[in-house]
Structures are given as C-alpha cells and as structure tokens.
Engineer: 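Have a look at this one.
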Amino acid sequence: MTTTAEPGDDRSDPDLGAIMSERRRLINLGYRLLGSLADAEDVVQETYARWYALSAREQQAIESPGAWLMTVAGRVCLNLLGSARVRRETYVGDWIPEPLPEPTEWVTGRSGADRTDPADRVTLDESVTMAFLIVLDSMTPAERVAFVLHDVFRYPFGEVAEVVGRSPAACRQLASSARRRVRTAQTPAGSGAGQAVVVRRFKRAWEAKDIDALISLLDPDAVATADGGGLAVTHLRPIVGGEQIAHAYARIARLSGERTTFLEYTVNGRPGLVARQDGSLVTVFAFEIAGDRIRRIWAVRNPEKLRSWRSG
C-alpha cells in the first residue's frame with residue numbers, strides 16, 4: 001500500500017512493522033462486528049488506506065497508532081452494520097455468520113484497560129462461538145460496537161464513545177443493554193470434550209439414518225437453521241422441533257447417499273461437522289449444546305462463506 005510523496009514530505013515509515021502487526025487484531029474486531037471474514041478484510045484495507053492517506057507529520061502526531069487504527073476500524077464497521085441490515089432484506093433465506101475453521105488464533109485483548117467486574121466480561125474465544133455471534137447480530141449497530149469494544153476488547157467507555165459518537169454514559173448503557181441480551185440467550189455449556197461426544201453421536205446416528213437416535217440427541221424444542229444465500233439448495237425456513245429435525249436430516253442422508261461424508265471439525269471454537277460431497281466441502285455445521293442435547297444447528301452452505309475452509 002503506497003502513496004505518492006509530495007515535495008519535501010518524508011514518507012518513510014520507521015514503524016511500519018508495528019502498524020502492520022495490528023492487522024490480526026483489526027481482523028478479530030471486524031469479524032466479531034460483521035460476522036464475515038471477507039467484510040473484516042475489507043475493513044482492514046479501508047483502515048490502512050486511511051492511515052496511509054495521512055501525511056508523515058499527521059502520522060507522527062498520533063500518540064498510539066494501534067488505538068487510532070482500532071478506532072477507525074470500529075467506525076467503518078459501525079457504518080457497514082447499518083447498510084448490512086438493508087442488504088439482509090434481499091438475502092435469500094436466513095443469514096448465518098461466516099463459520100471459522102481452525103486454527104483459532106483469537107488474539108489477546110487489551111487487558112487492564114478498565115476495572116469492570118471480570119464477571120461482566122466475555123473472553124475472546126467465547127465471543128466467536130456461533131451462538132454468541134447470532135446474539136450479536138440481534139443487537140443494534142451501536143449496541144454491538146459498544147459491547148464488543150468494551151466487554152470483549154476491554155476498551156474504556158471514553159474510547160468507545162469516540163467510535164460510536166455518543167457520550168461515555170450512553171455507551172455504558174448500550175453495553176449494559178447488549179449484556180442483558182447475551183445473558184438471556186446464554187445456554188449452560190458443558191466441556192468441550194462432552195460437546196464433542198454429543199456431536200460424534202449425532203454424526204453416527206445421522207449416517208445410520210437412525211431417527212430414534214437422532215431424536216434422543218436433540219432437544220424437543222431444537223431449531224435447525226440453514227444458510228444457502230440463494231447459491232446452494234437448502235431449507236429456506238428454520239426447522240423447529242427435535243422430531244422434525246430428525247426426520248428432515250434422515251431424509252437428507254438418504255438423498256445424499258454414499259456421495260456425502262461427514263467429518264468432525266472445530267467450528268468457531270466448538271465441536272462441529274463438515275460435509276463433503278464427491279470430495280468437495282459443501283456444508284459446515286455449528287451446534288449449540290446444553291447438557292447432552294443439541295439445542296441449535298446452524299448449517300452454512302453458501303459457498304461464498306466457505307472460502308476459508310476450501311482454501312485451508
């Protein structure tokens with residue numbers, strides 16, 4: 001990323017490495033706010049473009065380039081969240097955040113920046129689970145930005161206010177409202193190993209087309225949602241009820257036959273599944289599990305959201 005130097009303007013950047021080292025943190029912020037790696041990459045490019053549009057003197061006057069980059073990225077995300085809601089109105093079927101494969105490289109947040117009770121915090125790896133991202137998507141853009149910056153990345157409300165364009169007190173209220181949404185939606189999660197056992201049993205029952213076994217693994221009020229984006233065949237409306245999901249998924253297994261294989265993978269930091277058809281990855285499944293029952297299934301089939309899986 002270069003700019004044309006003006007006469008007498010020294011564009012040398014002795015801190016280029018430090019500036020570029022912020023990229024991972026910017027990606028992490030963008031993904032949590034937008035639910036899309038592609039959009040997060042666009043935000044990072046726009047943020048760096050604005051940095052390099054500054055003169056050398058303007059850059060040197062910025063005391064903390066990392067904080068400046070995060071502030072700009074947050075503002076860009078806030079603007080994109082507003083337009084994203086408009087785009088969703090024409091989206092075919094349900095919209096699900098883009099699933100993340102391993103490795104989970106969630107970077108360390110800004111520890112010690114604020115003295116809020118740790119009980120009110122969420123950790124970085126918790127903040128990328130599919131269930132958490134779905135709750136984030138239900139928030140207003142301002143709530144989402146305030147909550148993620150403060151509760152996840154540990155930014156004080158004074159700095160959050162610079163991003164959201166509201167007073168620190170208003171941002172505190174936004175984060176508090178968002179926190180209530182998260183607590184209302186939270187499901188007591190078991191250990192990763194315990195969740196992996198449930199997913200493995202579900203996989204085996206699905207492959208065997210064992211409807212009774214599937215029903216026993218699904219919460220009676222379970223919901224299965226799929227995202228094809230109009231680019232892949234899938235059910236357009238959520239399937240509600242464990243028994244209904246079991247019959248629907250058994251039917252999918254019968255139709256796919258021997259062409260499809262299911263493999264265990266980590267999806268957004270939790271045990272999940274991927275489906276391969278004729279050797280190509282076609283679906284990523286994320287789960288919300290409470291105890292020994294599956295409460296939510298998210299099936300992402302939109303090929304535009306599976307690029308990171310295919311490239312890996």
Engineer: Is the backbone of A226 close enough, under 3.5 Å, to the side chain of D94 for a donor and an acceptor to pair up by distance?
Structural biologist: no
Engineer: Tell me if a side-chain donor or acceptor on E58 pairs with a main-chain N or O of S55 at a distance below 3.5 Å.
Structural biologist: yes
Engineer: Is there a donor-acceptor pair closer than 3.5 Å between any side-chain N or O of N268 and the backbone N or O of P99?
Structural biologist: no
Engineer: Please report the C-alpha distance between Y265 and F285 in whole Å, then the side-chain angles of each, then the deciding distance to 0.1 Å, and finally whether the ring-ring contact (aromatic ring centres under 6.0 Å, His included) criterion is met.
Structural biologist: CA-CA 9 Å; Y265 271 82; F285 298 90; over 10 Å; no
Engineer: Quick check: do I294 and E288 have side-chain heavy atoms less than 4.5 Å from each other?
Structural biologist: no
Engineer: Quick one: do the Y91 and D227 side chains pair a donor with an acceptor below 3.5 Å?
Structural biologist: yes
Engineer: Quick one, R204 with E207, criterion salt bridge (charged side-chain N to carboxylate O under 4.0 Å, His left out). Give me CA distance, side-chain angles, the key distance, then yes/no.
Structural biologist: CA-CA 5 Å; R204 291 171 179 168; E207 290 172 330; over 6 Å; no
Engineer: Classify the side-chain pair T234/R301 by whether it contains a donor and acceptor separated by less than 3.5 Å.
Structural biologist: no
Engineer: Any side-chain donor-acceptor pair under 3.5 Å between R24 and N28?
Structural biologist: no
Engineer: Check step by step if side chain to side chain donor-acceptor pair (under 3.5 Å) holds for S176 and R172.
Structural biologist: CA-CA 6 Å; S176 178; R172 188 182 299 275; over 6 Å; no
Engineer: Any donor-acceptor pair under 3.5 Å linking the side-chain atoms of R276 with those of T261?
Structural biologist: no
Engineer: Under 4.5 Å between any side-chain heavy atoms of R181 and S138, yes or no?
Structural biologist: yes
Engineer: Should the ring pair Y249 and W206 be called parallel, tilted or perpendicular, given that the plane angle runs from 0 to 90° and is split at 30 and 60?
Structural biologist: tilted
Engineer: Can a donor-acceptor pair be found between the side chains of T71 and E162 at a distance below 3.5 Å?
Structural biologist: no
Engineer: Do W68 and L54 come close enough that some side-chain heavy atom pair is under 4.5 Å?
Structural biologist: yes
Engineer: Got a donor-acceptor contact below 3.5 angstrom from the Q45 side chain to the D42 backbone?
Structural biologist: no
Engineer: Can any side-chain N or O of R293 pair as donor or acceptor with the backbone N or O of L218 at less than 3.5 Å?
Structural biologist: yes
